[in-house]
Amino acid sequence: MNLYFALKIIHILSGAVLFGTGAGIAFFMLRAHATKDAKTVAEVGRIVVLADFVFTASAVVVQPISGLGLIHLQGWSLTSPWLLAAYGLYVFVGLCWLPVVWIQYRMMKLAEQAAGQGAALPPAYHRLFRWWFALGWPAFAGVLAIYWLMVAKPTF
């Protein structure tokens, strides 16, 4: 196996992990939220927070490293317009994801507290959920746009 092929596999797989973990986390958080049960939200929240740190965070690191290796090996200019667009979208997605990580953690803690008291999810949880939901859509769209850029490599 040559270096290019290995980097390409790593890049594709880490992209799939990034996208798949994000989609999975969104699905499980939405399903837990729909129950309106603090205990369920707390339990799912613990898993989601862990998954984000283990899978998403590692893929976030691997993506640019493998991507830069591929750019170099393929002879692309680092300032190719489609790559500049991809970098910008990657930063944008990251700026959406970072608050989401904190929001998920806070939602989990609020749900744990409510579950421990046998109470309903508090208004602060619901405010955070709305922010979490709102930040998820542009991040999701950004990742899809990056996939398009990687495949199409358009000339602008």
Side-chain angles (χ1 to χ4, degrees), residues 6-70 81-154 156:
L7 276 177
K8 192 167 189 173
I9 291 293
I10 290 167
H11 196 67
I12 290 168
L13 289 176
S14 65
V17 167
L18 195 61
F19 184 78
T21 303
I25 283 171
F27 175 79
F28 290 116
M29 284 296 287
L30 286 168
R31 294 300 304 146
H33 176 78
T35 69
K36 298 180 170 72
D37 177 59
K39 184 178 180 204
T40 300
V41 171
E43 289 173 0
V44 171
R46 280 190 289 277
I47 295 166
V48 161
V49 166
L50 178 62
D52 234 354
F53 280 109
V54 172
F55 298 107
T56 309
S58 58
V60 163
V61 171
V62 170
Q63 277 290 284
I65 293 168
S66 60
L68 287 171
L70 288 169
W82 70 273
L83 284 170
L84 293 175
Y87 308 150
L89 284 167
Y90 195 77
V91 169
F92 172 75
V93 169
L95 291 173
C96 290
W97 176 68
L98 286 172
V100 162
V101 171
W102 177 82
I103 289 168
Q104 286 171 172
Y105 180 78
R106 286 294 305 135
M107 288 166 55
M108 175 195 71
K109 288 299 189 183
L110 290 167
E112 286 175 345
Q113 187 177 26
Q117 297 169 352
L121 294 165
Y125 165 87
H126 293 286
R127 278 191 302 278
L128 288 170
F129 179 82
R130 286 190 294 275
W131 276 106
W132 176 85
F133 189 82
L135 287 167
W137 285 107
F140 181 76
V143 171
L144 290 179
I146 292 169
Y147 268 112
W148 179 80
L149 287 165
M150 293 296 118
V151 172
K153 297 175 180 56
F156 294 109

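Both backbone and side-chain heavy atoms feed into the values below; hydrogens, waters and symmetry mates do not.
Between A86 and M150, the shortest heavy-atom distance links the atoms CB-CE, 3.5 Å. Heavy-atom minimum distance, A114 versus A38: CB-CB, 3.8 Å. Here the closest non-hydrogen pair linking A111 and V41 is CB-CG1, 3.6 Å. Heavy-atom minimum distance, S14 versus A59: O-CB, 3.5 Å. For the pair L128 and M107, the tightest heavy-atom approach, listed with the atom from each and the gap, is CB-CG, 3.7 Å. When all heavy atoms are compared, the tightest approach of F156 to P81 is CD1-CB, 3.5 Å.
Taken from NZ in K109 to CZ in R46, the straight-line distance is 8.5 Å, to the nearest 0.5 Å. Going from atom CG of L149 over to atom OH of Y147 covers 13.0 Å, rounded to the nearest 0.5 Å. Atom OG1 of T35 is separated from atom CG of L30 by 11.5 Å, given to the nearest 0.5 angstrom. Between the NZ atom of K39 and the CD atom of E112 there is a distance of 12.5 Å, given to the nearest 0.5 Å. Atom CZ of residue R130 and atom NE2 of residue H126 lie 8.0 Å apart, to the nearest 0.5 angstrom.
In this structure, the side chain of S58 engages the main chain of F55 through a donor-acceptor pair within 3.5 Å. In this structure a side-chain-to-backbone donor-acceptor pair under 3.5 Å is present from S66 to Q63.
The 12-atom threshold is exceeded at OH of Y90, counting heavy atoms of other residues, nucleotides or ligands nearer than 6.0 Å. Heavy-atom neighbours of W131 CH2 from other residues, nucleotides or ligands within 6.0 Å: at or below the threshold of 12.
A ring pair (Phe, Tyr, Trp, His ring centres under 6.0 Å) with H33 is found for one member of Y125, W132, F27 and no other, namely Y125.
Residues R31 and V44 fail the side-chain proximity criterion, which asks for heavy atoms closer than 4.5 Å. Inter-residue side-chain proximity for T56 and I25 is flagged as met; some heavy-atom pair is nearer than 4.5 Å. With contacts defined as side-chain heavy-atom distances shorter than 4.5 Å, the pair V91/Y87 does not qualify. Between L110 and L121 the shortest side-chain heavy-atom distance does not fall below 4.5 Å. With a 4.5 Å cut-off on side-chain heavy atoms, H11 and K8 do not count as touching. You'll find the side chain of F28 stays beyond 4.5 Å of the side chain of I47, heavy atoms only.
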**Request:** List the steps, then state whether ring pair (Phe, Tyr, Trp, His ring centres under 6.0 Å) holds for W102 with Y105.
**Result:** CA-CA 5 Å; W102 177 82; Y105 180 78; 8.6 Å; no

